[in-house]
Peer 1: 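Here it is: the structure, laid out below.
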Amino acid sequence: MKFGLLYHKPTQNLGDDIQSYAIAAQLPRVDCLVDRENINTFKDDDGEAVAVVMSAWWMWYKWNWPPSKYIYPLFVGFHYSDNVDAKQAGCPVGYDFLSGLGADYMNAYGPIYTRDYYTRDHLKEVGVDAEFGGCITITLPEQKKTEESGYIVLVDVNPKVEEKIRKEAAKKNIEVKTVTHDLSPADKLKPWGERMKTVEKVLTLYQNALCVVTRRLHCALPCLAMGVPVLLCMYTLKSIRFIPYYDWLYSCTNNQFLSGKTEYDVTNPPANKTLHLEYREALISRIKKFTGECEELRDVSADTLYRMKVPEIKITDWRIGQMKKTKEIWEEEFAKEESEIASLQESCRTHEKYEGLLKIKNREDTKFRKNIEKLEKNRKTPKKFTSKLKARAKRIILQERPETGYYEDIMVEYLRHMRVYYDYIKKLKEFAKEAEKVRL
């Protein structure tokens, strides 16, 4: 059986590539690449099933679920949480893609080993067999040692935290290097070979550091795996993505570090905790067992290995039904929002009447009016475009057998513009509140 490497082709976050690099390190070989956002249409050139370690942050595009029958999956490092098109504050769309056939697929290939407690607990709530297994990056091997070492690496840390660390390092003549996991738009166009070399270069830099300080999960956990002293320093210690890793790592908030409420000394760091080791060994063993079994599966068709015993057209219909439901939920939500916008605009016009009095009392506030004018101008673009998308989506829904890929492209674009429009509504509300403060 062939082995496919799961990766996020258009990513602008180096952490995604580090995860793929960690997967590749556990595979016997990489025969092909599997784009995370196109798993429902994936098909190998030979039409064979491809073994894939499915470790990723899923459901950015919900329309790609469940994966195609040509993917033979092992679910480890599975994470699913709030994002633009899923459940988010102010967004009415929930977790429907993890119900029905979506949940059936996961149970067919379960248990699902999750990356965090939140995902594990939620999957269990919706009837999916799930266990916590840890992030794939805790399996990373050590990188090569270099002559240059003994420096401190800061990865996307708070500027004030960086300033304090530089002062402390200067007292002991320790060099400080800075790194970002943000990638440029051009990076996503690079072939995987080049991207892999970038990951190796960055991991090697971390490997030879005296200490690494970061707010990035996929910097902290690789350092933990490689035995590099690491401090997780971030705005808050309440993110669901980092549980239970706050306990696995030395962790503090930016304010705790700046106020001296943490005993961690970046110039003389302690050895890392070892809570991750049992999960590391279990995860490596789990993948090794999977790949070993796959090596024995020769001349077995994708249909034979596929555990979803329902026609593909039924899955397609289910997926389209979920899209349609999402569209209807959003349209209902927008009907409410558009009504509220009309009310807010009337309120804004009322506030304009007080402008003359504000000038007389030398309390002129033109910022509010300029913001409203800019908002009104920009609001027309997404509203006009979403109207066109609604019409196009409706025409496709009415077809008996719509082209799935075309429909998905429209819905993703449609929802993104709806989110832009929703953001304008929120800003308009904020400006209205500002006006209330100066109303006489």
Side-chain angles (χ1 to χ4, degrees), residues 12-19 21-22 135 137-184 187 195-237 239 241-242 245-277 280:
Q12 292 186 37
N13 180 356
L14 185 64
D16 288 323
D17 282 354
I18 291 175
Q19 290 177 82
Y21 181 86
C135 179
T137 58
I138 65 173
T139 67
L140 279 166
E142 291 187 2
Q143 303 296 306
K144 65 180 181 180
K145 300 296 175 63
T146 61
E147 292 184 4
E148 184 183 14
S149 61
Y151 46 79
I152 296 172
V153 181
L154 308 181
V155 186
D156 294 319
V157 300
N158 177 280
K160 292 183 179 179
V161 170
E162 178 180 343
E163 182 180 358
K164 181 177 180 180
I165 291 176
R166 286 188 178 279
K167 288 180 180 179
E168 293 179 0
K171 295 176 184 177
K172 297 185 178 182
N173 198 30
I174 298 174
E175 182 184 5
V176 176
K177 298 175 181 285
T178 58
V179 174
T180 180
H181 276 205
D182 292 327
L183 300 176
S184 70
D187 288 324
R195 290 164 65 160
M196 182 178 69
K197 290 179 181 178
T198 298
V199 170
E200 288 178 339
K201 181 179 179 181
V202 172
L203 291 181
T204 299
L205 181 71
Y206 298 163
Q207 181 69 75
N208 292 277
L210 168 69
C211 176
V212 174
V213 182
T214 185
R215 65 175 176 84
R216 298 281 194 176
L217 182 65
H218 295 122
C219 169
L221 293 184
C223 288
L224 189 65
M226 297 186 299
V228 180
V230 59
L231 172 65
L232 184 68
C233 185
M234 52 199 303
Y235 175 73
T236 178
L237 301 182
S239 171
R241 293 179 56 236
F242 287 76
Y245 305 121
Y246 291 127
D247 294 329
W248 291 17
L249 299 155
Y250 288 102
S251 308
C252 68
T253 65
N254 295 331
N255 286 338
Q256 287 172 337
F257 184 85
L258 293 171
S259 61
K261 293 182 179 180
T262 177
E263 296 180 357
Y264 196 94
D265 183 356
V266 296
T267 64
N268 185 28
N272 290 329
K273 300 177 185 179
T274 58
L275 296 174
H276 70 290
L277 291 178
R280 171 189 168 91

Peer 1: Any non-hydrogen side-chain atom of Leu140 less than 4.5 Å from a side-chain atom of Tyr21?
Peer 2: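 Leu140 vs Tyr21: side chains touch.
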Peer 1: Does the Asp16 side chain pair with the main chain of Gln12, one donor and one acceptor, at a distance under 3.5 Å?
Peer 2: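 Judged by distance alone, no pair lies under 3.5 Å.
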Peer 1: Count the heavy atoms belonging to other residues, nucleotides or ligands that lie under 6.0 Å from NZ of Lys197, then report whether that count exceeds 12.
Peer 2: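 Check fails, neighbour count at 12 or below.
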Peer 1: Could you tell me if the side chain of Tyr235 sits less than 4.5 Å from the side chain of Asn158, heavy atoms only?
Peer 2: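 No - every pair of side-chain heavy atoms lies 4.5 Å or more apart.
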Peer 1: Could you please spell out the steps behind the side chain to side chain contact (heavy atoms under 4.5 Å, CB included) verdict for Ile18 and His181?
Peer 2: CA-CA 10 Å; Ile18 291 175; His181 276 205; 3.6 Å; yes
Peer 1: As an exercise, state the distance from CD of Glu142 to CG of Leu203, rounded to the nearest 0.5 Å.
Peer 2: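 One finds 12.0 Å between CD of Glu142 and CG of Leu203.
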Peer 1: State, to 0.1 Å, how close Leu205 and Tyr151 come at their nearest heavy-atom pair, and which atoms those are.
Peer 2: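 The answer is O-OH, 2.7 Å.
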Peer 1: Hey, could you give me the CD/CG distance between Glu175 and Leu210, rounded to the nearest 0.5 Å?
Peer 2: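 Glu175 CD to Leu210 CG: 11.5 Å, rounded to 0.5 Å.
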Peer 1: What I'd like to find out is whether the side chain of Lys144 reaches to under 4.5 Å of the side chain of Thr204, using heavy atoms alone.
Peer 2: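 Contact flag for Lys144/Thr204 side chains = yes.
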Peer 1: State the CG-SG distance between Asn255 and Cys233, to the nearest 0.5 angstrom.
Peer 2: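 Separation between the atoms: 9.0 Å.
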Peer 1: Using a 3.5 Å distance criterion without hydrogens, assess whether the side chain of Asp265 forms a donor-acceptor pair with backbone atoms of Pro270.
Peer 2: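 Judged by distance alone, no pair lies under 3.5 Å.
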Peer 1: I'd like to know whether Val157 forms a side chain to side chain contact (heavy atoms under 4.5 Å, CB included) with Lys164, so could you lay out the CA-CA distance, the side-chain angles of the two residues, the decisive distance to 0.1 Å, and finally the verdict.
Peer 2: CA-CA 11 Å; Val157 300; Lys164 181 177 180 180; over 6 Å; no
Peer 1: Heavy-atom distance under 4.5 Å between the side chains of Leu232 and Tyr245, does that happen here?
Peer 2: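 No; the side chains remain at least 4.5 Å from each other.
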Peer 1: Just by distance, do the side chain of Asp17 and the backbone of Leu14 share a donor-acceptor pair under 3.5 Å?
Peer 2: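 Checking the backbone N and O of Leu14 against the side chain of Asp17, no donor-acceptor pair under 3.5 Å is found.
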Peer 1: Would you call the rings of Phe242 and Tyr246 parallel, tilted or perpendicular, where under 30° means parallel and over 60° means perpendicular?
Peer 2: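 It falls in the parallel class, under 30°.
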Peer 1: So how far is it from Ile138 CD1 to Arg280 CZ, rounded to the nearest 0.5 Å?
Peer 2: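 Going from CD1 on Ile138 over to CZ on Arg280, the span is 8.0 Å.
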Peer 1: Looking at CG of Leu221 and CE of Met226, how far apart are the two atoms once the value is rounded to the nearest 0.5 Å?
Peer 2: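 Answer rounded to 0.5 Å: 11.0 Å.
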Peer 1: Around Lys273, counting heavy atoms of other residues, nucleotides and ligands shown, do more than 12 lie under 6.0 Å from its NZ?
Peer 2: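 Check passes, neighbour count above 12.
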Peer 1: With a 4.5 Å limit on heavy-atom distance, are the side chains of Val179 and Val212 in contact?
Peer 2: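 They are not in side-chain contact.
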Peer 1: Filter on ring pair (Phe, Tyr, Trp, His ring centres under 6.0 Å), then keep only pairs touching residues 254-273, sequence neighbours left out; what's left?
Peer 2: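 The answer is Tyr250-Tyr264.
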Peer 1: Which word best sums up how the rings of Trp248 and His276 line up, parallel for under 30°, tilted for 30 to 60°, or perpendicular for over 60°?
Peer 2: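 Plane angle between 30° and 60°, so tilted.
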Peer 1: I want to check something: taking the side chain as every heavy atom from C-beta on, are Leu237 and Gln256 in contact at a cut-off of under 4.5 Å?
Peer 2: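 Yes, close enough: below the 4.5 Å cut-off.
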Peer 1: Which atom names give the shortest non-hydrogen contact between Leu224 and Val230, and what distance separates them?
Peer 2: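 Here Leu224 and Val230 meet closest at N-CG1, 4.3 Å.
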Peer 1: Go through Thr178 and Thr180 one step at a time and tell me if the side chain to side chain contact (heavy atoms under 4.5 Å, CB included) criterion holds.
Peer 2: CA-CA 7 Å; Thr178 58; Thr180 180; over 6 Å; no
Peer 1: Between Thr214 and Val155, is there a donor-acceptor pair closer than 3.5 Å when you use the side chain of the first and the backbone of the second?
Peer 2: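 Judged by distance alone, yes, a pair lies under 3.5 Å.
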Peer 1: Does Arg216 come within less than 4.0 Å of Asp182, counting only side-chain N to carboxylate O?
Peer 2: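 Looking at Asp182 together with Arg216, the answer is yes, because their closest N to O distance falls below 4.0 Å.
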Peer 1: Could you check whether any side-chain N or O of Gln207 sits under 3.5 Å from a backbone N or O of Gln143, counting only pairs where one atom can act as donor and the other as acceptor?
Peer 2: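 Yes; judged by distance alone, with no hydrogens or angles, the pair exists.
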Peer 1: Looking at every heavy atom in both Asp187 and Arg195, which two are closest together, and how far apart are they?
Peer 2: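 Where Asp187 meets Arg195 most closely, the heavy atoms are O-CD, 4.0 Å.
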Peer 1: In Å, rounded to the nearest 0.5 Å, how long is the span from SG of Cys211 to CG of Leu154?
Peer 2: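 One finds 8.5 Å between SG of Cys211 and CG of Leu154.
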Peer 1: If we ignore hydrogens and angles and just use 3.5 Å, is the side chain of Asn254 paired with the main-chain N or O of Val161 as donor and acceptor?
Peer 2: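 Answer holds: no.
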Peer 1: With heavy-atom distances below 4.5 Å as the criterion, would you say the side chains of Leu231 and Cys252 are in contact?
Peer 2: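 Yes, side chains in contact.
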